[in-house]
Amino acid sequence: MSALTENAAPAPFTDEEFRETLRELPPSAKLVAKVLEDDAPLSQGQLAEDSLLPDRTVRYALNRLEESGLVDSRYSFTDARKQVYFLTV
């Protein structure tokens, strides 16, 4: 096996795998994923505002989505103090 193959990023989820994994998560995670599907990348504050969920619930949903590999984050280009979230699909 070559070094390139060993260090390659895992293949993204197919739509069916994404839906099956999302099906197992709580409703708040499903709502956050739907908001990200429509308008990403978004900060945690923007997600709370768009989803009408409390900040703590959004944090919980993002943690669950990240643990499942459905969401990833990076630092915002406009404000390096903030992270923005996006779907991995």
Side-chain angles (χ1 to χ4, degrees):
M1 199 173 224
S2 72
L4 179 62
T5 306
E6 292 173 8
N7 294 331
F13 288 97
T14 64
D15 277 346
E16 185 60 35
E17 291 170 334
F18 181 84
R19 291 179 185 279
E20 189 61 37
T21 303
L22 189 61
R23 191 172 285 129
E24 303 296 321
L25 296 177
S28 60
K30 293 173 187 170
L31 178 57
V32 168
K34 183 62 178 167
V35 170
L36 285 172
E37 182 179 59
D38 293 339
D39 190 25
L42 294 172
S43 69
Q44 182 182 322
Q46 290 169 317
L47 281 167
E49 186 177 313
D50 290 356
S51 66
L52 303 177
L53 293 172
D55 288 338
R56 184 174 177 172
T57 304
V58 171
R59 271 194 310 276
Y60 173 74
L62 286 170
N63 286 335
R64 295 296 304 270
L65 288 164
E66 283 184 308
E67 288 170 1
S68 299
L70 301 177
V71 165
D72 204 358
S73 64
R74 63 169 169 77
Y75 287 102
S76 171
F77 295 130
T78 57
D79 186 352
R81 297 172 295 176
K82 294 182 182 181
Q83 286 193 318
V84 291
Y85 298 88
F86 53 92
L87 296 177
T88 58
V89 181

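Only this structure's heavy atoms are used, side chains among them; waters, hydrogens and symmetry mates stay out.
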Shortest non-hydrogen contact between S76 and T78, atoms and distance: OG-OG1, 3.0 Å
Looking at [atom1] of [X] and [atom2] of [Y], how far apart are the two atoms once the value is rounded to the nearest 0.5 Å?
X   : Y   : atom1 : atom2 : answer
T21 : E16 : OG1   : CD    : 9.5 Å
T57 : L62 : OG1   : CG    : 11.0 Å
S51 : E49 : OG    : CD    : 9.5 Å
L42 : K82 : CG    : NZ    : 11.0 Å

Derivation and outcome, side chain to side chain donor-acceptor pair (under 3.5 Å), residues Y60 and R64: CA-CA 6 Å; Y60 173 74; R64 295 296 304 270; 2.8 Å; yes
Output a table of donor-acceptor pairs, distance under 3.5 Å, between side-chain atoms of residues 29-41 and any protein atom two or more places apart or on a different chain; print 'none' if there are none.
from, atom 1, to, atom 2, distance (Å)
K34, NZ, E37, OE1, 2.9

Candidate pair L65 and Y85, rule side chain to side chain contact (heavy atoms under 4.5 Å, CB included), full reasoning: CA-CA 10 Å; L65 288 164; Y85 298 88; over 6 Å; no
Trace of the salt bridge (Lys or Arg N to Asp or Glu O under 4.0 Å) decision for R23 with E20: CA-CA 5 Å; R23 191 172 285 129; E20 189 61 37; 2.7 Å; yes
Donor-acceptor pair, side chain of S73 and main chain of V84, under 3.5 angstrom: no
Side-chain touch V71/L87, heavy atoms, less than 4.5 angstrom: yes
Atom CZ of R81 with >12 non-hydrogen neighbours under 6.0 angstrom: no
Over 12 foreign heavy atoms within 6.0 Å of OH, Y75: no
Trace of the side chain to side chain contact (heavy atoms under 4.5 Å, CB included) decision for Q44 with Q83: CA-CA 8 Å; Q44 182 182 322; Q83 286 193 318; over 6 Å; no
